[in-house]
Amino acid sequence: MRKKSFSFLIVLCIGILMLTGCIGGSKDVVKKDPKGTTNKDEKVTLKIFRPANVDDTSKDPVFQEIGKRLNVNVEIITAPWDQVNNKTNLMMQSKEEIDIIQADFQGNPWRKWAEDGLMYNLSDLVKGKEKQFPFITSITDAKSFAGLKVNGDKYFIPGSHHGQDTAMYIRQDWLDKLHLEMPKTMNDFYKVLKAFKEQDPDGNGKADTIGLQVTMPAPDNFAELDGVIHGFGGSFGGFFEDYVIRNDKVVPLETTDDTKDGFGFINKLYREGLMNKDFSNLKNVDEGNAKYLYANKAGVIWTSRTAEFETNIQKADSNAKLAFLPPVVAEGHQFIPSQGSAWWMMIGIPKTSKHPDKALQFIEFVNSKEGRELLVAGVKGRHFTTLTDDGVYDRNKANWEKDYDVKANGYDHPLWWGFLSTVHGYIPVKDYPTFEEALKNVHMFVSDEDAKKEFNWKTAVKYGGFYNEPNPFHAVYIQSVQDKRSNIQNNVKAVYFLKMITAKNEKEVEKLWDDYKKAWEAAGGKEVIKAYQDFYNKNLK
């Protein structure tokens, strides 16, 4: 008995000494709690998935600075755009080690990941530490994103955005040259587009200009015509449906006569060549710009990149001048802005993360004032010297050119956009009781050079606000009808909308509209609306 007791005491003492770092260890031994919390003195590597090609961040001055402040190394895992959803699904299924993942709302089974226990419950991770994570707490508590909860808990953070920054812009120099006023009604708009096509605004003596430039980046994406369809009070629907409440009834704008009238007008623009007829064959807006806008051939564009676009047009015509085009309204209709707040992808921490505490800290930092300053303006003393209270910084172009490919990214950090945030500044969540109010007061950053220009990130958010308003159904995910919604989007709207735009005449548009509504109903449209009506009755009425 004595030998067993003595042996037990020896083992116990050795164990205590090992834990205190006196035997076989040092003061740097890392301690972890059951949740994976690491000693804050340990420098860990965070594996973060982000879509699209990304340069090595190990030599990036901004990421080196982030590493110093948070005591982390960042390893970015990525995939080409057309493989993003497959990559994220494979990572989750194979339980690949990943600390932060960005997932697509429609292309990934994120809800199932949470229900199957593959994601950390953010409600648990943040509980009792809300003051340490003001941004994460604010955005996940937002009514706008209540639809992202799974069984009442928070597993995902919406990728923050500085607000709708896209609007319609028009060639002011063409208006002046042809003695035309800024259009206010849809009839005015039609006359202006017709003049842009027929009255030789570029002065080359050829009939080679168009009114409205349109591209179609995806088979179901007609966003560059949003300003037109909403001018009739209609909508294409899309990523989030434009459902409105009228007399306590959920109304899908995509099936109203307003939308039908909008299609009739757009088809008229198409048939008369007032918009480019090859819009569905253009790969993206850059290809469209090269062919039309930058070649001095287009008069109206839907964009958030106004300053960049104007500069490039001026290479072909030094007198080129873009101007903000306020929403135009069709007679007998009401302009209805697009519904919903801007955001991009969902951010979560998989259970395979070895450092969930650090991952949470990193997400918070990237969205904080300090983090946004780094990812937008760069390292103080290297990329800028001062940043005013108004958000204006004095950019050091010479050092930007040393550190980054300015031809590819301009004088902005290549990961300011889409890397856990898309805010050219920061959202002041500490100053407002709700995320929605904080977003209305987003604090934008611009360089001193850009601050002097008519168009910059501040004006983009200002003008984009004319075309957008909050939506009670924003980010509402109703699993029971999600397949029906996807079917309607991909196999009904994507097909019939394109056919209506390119129809041979008005009569054909009428016929296609009737066929579309039947197809919409057959695909489960009414069941979808009933589900949203039930949600409204239960949660919003």
Side-chain angles (χ1 to χ4, degrees), residues 164 166 168 185-187 189-190 212 214 216 218-247 249-271 274-275 279-280 302 327-340 466-469 471-474 484-530 532-533:
Q164 293 286 3
T166 308
M168 292 186 79
T185 68
M186 205 60 72
N187 190 45
F189 187 57
Y190 169 78
L212 175 64
V214 180
M216 188 177 167
D220 62 341
N221 191 333
F222 300 88
E224 291 190 20
L225 289 164
D226 263 1
V228 178
I229 202 81
H230 284 279
F232 283 84
S235 171
F236 296 114
F239 186 65
F240 295 112
E241 309 294 2
D242 276 355
Y243 298 154
V244 296
I245 302 299
R246 292 173 179 167
N247 298 321
K249 298 294 183 182
V250 178
V251 177
L253 294 178
E254 64 202 36
T255 63
T256 62
D257 286 344
D258 294 321
T259 298
K260 173 185 173 182
D261 292 344
F263 273 114
F265 181 80
I266 294 170
N267 172 253
K268 183 179 181 180
L269 301 184
Y270 176 84
R271 285 186 287 108
L274 305 188
M275 59 180 272
F279 72 96
S280 62
W302 173 258
V328 292
V329 186
E331 185 178 354
H333 296 269
Q334 178 184 358
F335 179 84
I336 295 183
S338 299
Q339 307 290 295
F466 284 84
Y467 285 88
N468 177 75
E469 69 179 9
N471 176 9
F473 300 113
H474 182 67
K484 290 183 173 65
R485 282 193 63 207
S486 296
N487 184 34
I488 290 170
Q489 184 69 19
N490 299 323
N491 301 316
V492 179
K493 290 194 286 188
V495 174
Y496 283 96
F497 286 5
L498 181 59
K499 287 183 177 180
M500 282 188 278
I501 291 172
T502 60
K504 296 178 181 178
N505 50 52
E506 295 178 19
K507 187 175 181 180
E508 186 176 343
V509 174
E510 294 273 350
K511 172 67 166 57
L512 286 166
W513 177 260
D514 291 339
D515 292 343
Y516 156 69
K517 289 193 68 174
K518 291 176 183 176
W520 180 88
E521 188 171 328
K526 287 188 175 180
E527 291 90 332
V528 172
I529 298 307
K530 183 181 184 305
Y532 278 80
Q533 183 70 56

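What you see is a predicted model; the values in this text were computed from it and never measured.
- Legend: residues meeting ring-ring contact (aromatic ring centres under 6.0 Å, His included) with Tyr270, ordered by chain and number and at least two apart, are absent.
- Remark: Ile229 CD1 to Leu253 CG distance equals 10.0 Å, nearest 0.5 Å.
- In this structure, Gln334 places its CD atom where only 12 or fewer heavy-atom neighbours from other residues, nucleotides or ligands lie under 6.0 Å away.
- The two residues Gly231 and His333 make their nearest non-hydrogen contact at O-CB, 4.1 Å.
- Partner of Phe263 under the ring pair (Phe, Tyr, Trp, His ring centres under 6.0 Å) criterion, chosen from Phe222, Tyr516, Phe497: Phe497.
- In terms of heavy-atom proximity, Asn468 sits nearest to Gln164 at CG-CG, 3.0 Å.
- Under the 4.0 Å criterion applied to side-chain N and carboxylate O atoms, Lys484 and Glu527 are not assigned as salt-bridge partners.
- Between the side chain of Ser235 and the main chain of Glu254, no donor-acceptor pair closer than 3.5 Å is present.
- Listed for the Asn505 side chain is a donor-acceptor partner under 3.5 Å among the backbone atoms of Lys507.
- The closest side-chain heavy-atom distance from Thr502 to Phe279 is below 4.5 Å.
- The aromatic rings of Tyr190 and Phe265 sit perpendicular, their planes meeting at an angle over 60°, well past the 30° parallel limit.
- Listed for the His230 side chain is a donor-acceptor partner under 3.5 Å among the backbone atoms of Ile336.
- When all heavy atoms of Lys511 and Asp515 are compared, the pair lying nearest together is NZ-OD2, 2.7 Å.
- No side-chain heavy atom of Tyr532 sits less than 4.5 Å from a side-chain heavy atom of Pro252.
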